[in-house]
A.B. asks: 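I'd like to ask some things about the structure below.
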Amino acid sequence: MTIAPARHDGEPGLSAWSDAHLLYALEEVVEKELNRHLKVAKEWMPHEYVPWSDGRNFDGVMGGEAWSPEQSKVTDIGRIALVVNLLTEDNLPSYHHEIATLFGRDGAWGTWVHRWTAEEGRHGIVMRDYLLTSRAVDPVELERFRMAHMSEGFESDNSHSMLHSVAYVAFQELATRISHRNTGHHSGDPVCDRMLARIATDENLHMVFYRNLLRAAFELAPDQTMAAVRDVVTAFRMPGHGMPGFERAAARMAIGGIYNLRIHHDDVLQPVLRHLKVLEIGGLGPVGLAAQEELGMFMGGLDDQARKFDERRAAIEARRAARAAS
């Protein structure tokens with residue numbers, strides 16, 4: 001296969017890299033990153049993170065005890081975030097379909113797709129087992145939400161482009177890691193915190209894989225990759241956005257310090273952009289330069305929005321503290 005010169009991908013009159021060309025050109029990078037991942041990823045067993053001795057039968061066919069909120073060891077915000085996080089993990093079949101269709105099922109790409117899916121599968125297993133065994137959330141509501149969410153299906157915002165998909169997951173995997181980690185910190189249950197810390201470790205390794213792949217894409221097709229990063233960052237939304245009650249849950253998670261604009265800017269977007277030095281890349285054509293400038297302006301505006309959010313959140317917390325003291 002003949003590969004077009006990468007440095008001209010954004011210049012008028014010259015053809016851009018196709019998905020097929022990029023998949024072929026990045027195959028060796030994927031193989032290298034896959035081998036690195038397999039060396040550093042540690043095997044772990046979901047059942048070891050579940051407090052099985054706390055479990056007992058629920059009402060229904062087993063004739064056990066019905067769930068009630070006081071049985072839960074986690075905080076209110078912890079319950080909200082745990083449900084959102086698990087419902088997101090539940091859509092794994094759709095995610096696998098999306099990336100397997102885009103990246104393929106053969107060679108290093110296919111091996112990575114299947115390995116990633118297997119590792120992500122553990123996250124849903126351990127979270128559900130923990131939630132049900134510890135009675136952290138209402139099991140009936142959880143199952144109804146799962147059915148509604150999965151019945152809607154899932155379609156990626158970036159399925160039209162391999163580069164957009166790679167850029168998206170580089171940020172999304174880190175966002176998921178941060179959401180899990182903060183949920184654990186705010187859960188009020190050390191067992192939950194330990195479980196989510198284990199999941200977050202996986203998510204971080206997934207982020208590193210995609211971030212390194214994104215770096216290689218910048219070297220091959222800098223203008224196209226810059227435009228893809230610009231598009232993804234400016235229109236980013238989490239994969240669980242279609243679940244029932246997501247906007248209300250997201251708002252409460254934002255106020256509760258699980259995931260909000262400040263966290264999104266400081267702990268997700270900035271670390272990836274800074275690590276790859278995206279706003280410092282030179283030698284771009286007109287398309288890449290325009291995208292880089294738009295990206296820089298967007299980040300500045302997002303920081304301003306995050307600052308205003310911080311002020312509103314501080315005011316809300318002050319009112320809550322005043323009410324509690326009165």
Side-chain angles (χ1 to χ4, degrees), residues 37-38 40-58 62 64 67 71-96 99 112-147 149-150 154 169 172-210 238-240 243 246 249 253 256 258-259:
H37 176 84
L38 294 176
V40 298
K42 289 182 170 60
E43 181 184 57
W44 61 279
M45 300 299 160
H47 70 272
E48 294 181 355
Y49 290 82
V50 179
W52 299 105
S53 59
D54 291 348
R56 58 190 187 278
N57 292 341
F58 286 99
M62 298 299 293
W67 184 85
Q71 296 169 1
S72 177
K73 296 179 181 179
V74 301
T75 59
D76 289 342
I77 189 62
R79 284 202 297 274
I80 293 169
L82 282 163
V83 170
V84 169
N85 290 353
L86 178 54
L87 290 180
T88 300
E89 300 286 356
D90 277 334
N91 247 343
L92 181 61
S94 291
Y95 306 150
H96 175 82
I99 65 171
W112 166 253
V113 166
H114 298 311
R115 173 72 189 201
W116 174 88
T117 302
E119 291 185 2
E120 289 288 342
R122 287 193 293 217
H123 302 169
I125 290 170
V126 71
M127 288 181 67
R128 175 166 281 100
D129 285 347
Y130 164 80
L131 293 181
L132 296 181
T133 302
S134 67
R135 293 183 172 242
V137 302
D138 183 346
V140 174
E141 184 180 69
L142 180 66
E143 177 59 12
R144 287 172 177 166
F145 277 160
R146 187 191 70 83
M147 287 294 295
H149 185 39
M150 295 193 70
F154 172 81
V169 289
Q172 182 266 322
E173 292 283 3
L174 181 53
T176 303
R177 172 210 167 197
I178 296 296
S179 180
H180 282 312
R181 204 67 194 93
N182 287 343
T183 298
H185 290 328
H186 288 81
S187 69
D189 181 10
V191 175
C192 179
D193 190 26
R194 182 174 57 206
M195 171 195 66
L196 291 176
R198 177 58 260 186
I199 293 174
T201 299
D202 279 1
E203 303 290 8
N204 194 64
L205 291 179
H206 297 165
M207 179 276 294
V208 171
F209 178 95
Y210 287 119
M238 292 293 275
M243 68 180 59
F246 178 77
M253 289 168 66
I258 304 292
Y259 200 93

A.B. asks: Would Arg115 and Glu119 count as a side chain to side chain contact (heavy atoms under 4.5 Å, CB included) here? Give the steps.
C.D. replies: CA-CA 6 Å; Arg115 173 72 189 201; Glu119 291 185 2; 2.6 Å; yes
A.B. asks: Donor-acceptor pair, Thr75 side chain versus His186 backbone, under 3.5 Å?
C.D. replies: yes
A.B. asks: Does the side chain of Glu120 come under 3.5 Å of the side chain of His96 through a donor N or O and an acceptor N or O?
C.D. replies: no
A.B. asks: Decide whether Thr183 and Asn85 meet the rule of one side-chain donor and one side-chain acceptor closer than 3.5 Å.
C.D. replies: yes
A.B. asks: Is Arg146 salt-bridged to Glu143, cutoff N-O under 4.0 Å?
C.D. replies: yes
A.B. asks: For residues Asp193 and Gly184, report the shortest heavy-atom separation together with the two atoms involved.
C.D. replies: OD1-C, 3.2 Å
A.B. asks: Return the set of residues passing salt bridge (Lys or Arg N to Asp or Glu O under 4.0 Å) with Arg135 (not counting sequence neighbours), or none when no residue passes.
C.D. replies: none
A.B. asks: Could you give me the CA-CA distance, side-chain angles and deciding distance for Ile258 and Ser179, then say whether side chain to side chain contact (heavy atoms under 4.5 Å, CB included) is met?
C.D. replies: CA-CA 6 Å; Ile258 304 292; Ser179 180; 4.1 Å; yes
A.B. asks: Does any non-hydrogen side-chain atom of Met62 lie less than 4.5 Å from one of Phe58?
C.D. replies: no
A.B. asks: Can you tell if the side chain of Pro239 reaches within under 4.5 Å of the side chain of Gln172, non-hydrogen atoms only?
C.D. replies: yes
A.B. asks: Using only heavy-atom distances, determine whether the side chains of His123 and Asp202 contain a donor-acceptor pair under 3.5 Å.
C.D. replies: yes
A.B. asks: Quick one: do Ile178 and Glu203 satisfy side chain to side chain contact (heavy atoms under 4.5 Å, CB included)? Show the steps, please.
C.D. replies: CA-CA 9 Å; Ile178 296 296; Glu203 303 290 8; over 6 Å; no
A.B. asks: How close do Ile199 and His180 get, counting heavy atoms only, and between which atoms?
C.D. replies: CG2-CD2, 3.6 Å
A.B. asks: Given Tyr95, which of Thr88, Val113, Val169, Thr117 fulfils the side chain to side chain contact (heavy atoms under 4.5 Å, CB included) condition?
C.D. replies: Thr88
A.B. asks: List the atom of Pro139, the atom of Leu132, and the distance in Å for their closest heavy-atom pair.
C.D. replies: CB-CD2, 3.7 Å
A.B. asks: Excluding sequence neighbours, so at least two apart, what forms ring-ring contact (aromatic ring centres under 6.0 Å, His included) with Tyr49?
C.D. replies: Trp44
A.B. asks: When rounded to the nearest 0.5 angstrom, what distance separates CE in Met195 from CG in Asp189?
C.D. replies: 8.5 Å
A.B. asks: Are a donor atom and an acceptor atom from the side chains of Asp129 and His47 found within less than 3.5 Å of each other?
C.D. replies: no
A.B. asks: For Arg79, is there an ion pair with Asp138 - N to carboxylate O distance below 4.0 angstrom?
C.D. replies: no
A.B. asks: Measuring only between side-chain heavy atoms, which start at C-beta, is Met45 closer than 4.5 Å to Val126?
C.D. replies: no
A.B. asks: Might you confirm whether atom CZ of Arg56 has over 12 heavy atoms from other residues, nucleotides or ligands at distances under 6.0 Å?
C.D. replies: yes
A.B. asks: Who are the ring-ring contact (aromatic ring centres under 6.0 Å, His included) partners of His37, not counting sequence neighbours?
C.D. replies: Trp112, His206
A.B. asks: Between the side chains of Glu173 and Arg177, is the shortest nitrogen-to-carboxylate-oxygen separation below 4.0 Å, so that they form an ion pair?
C.D. replies: no
A.B. asks: Closest heavy-atom contact between Tyr130 and Ala136?
C.D. replies: CE2-CB, 4.2 Å
A.B. asks: Starting at CE of Met253, measure out to CE of Met238 and round the result to the nearest 0.5 Å.
C.D. replies: 7.5 Å
A.B. asks: Report yes or no: does Asn57 contribute a side-chain atom to a donor-acceptor pair with the main-chain N or O of Gly64 at less than 3.5 Å?
C.D. replies: no
A.B. asks: Give me the atom names and distance for the closest heavy-atom approach of Leu205 to Ala41.
C.D. replies: CD1-CA, 3.9 Å
A.B. asks: Rounded to the nearest 0.5 Å, how far does CE of Met127 lie from CG of Leu82?
C.D. replies: 5.5 Å
A.B. asks: Drop me the distance from Asn182's CG to Tyr259's OH, to the nearest 0.5 angstrom.
C.D. replies: 10.0 Å
A.B. asks: Output the distance between atom CE (Met150) and atom OG (Ser94), rounded to the nearest 0.5 Å.
C.D. replies: 6.0 Å
A.B. asks: Measure across Ile125 and Pro46 and return the closest heavy-atom pair with its distance rounded to 0.1 Å.
C.D. replies: CG2-CB, 4.0 Å
A.B. asks: Can you measure from CZ (Arg181) to OG1 (Thr176) and round to the nearest 0.5 angstrom?
C.D. replies: 14.5 Å
A.B. asks: Are any non-hydrogen side-chain atoms of Val84 and Phe246 less than 4.5 angstrom apart?
C.D. replies: yes
A.B. asks: Determine whether Trp116 and Leu92 make a side-chain contact, defined as any pair of heavy atoms from C-beta on separated by less than 4.5 Å.
C.D. replies: yes
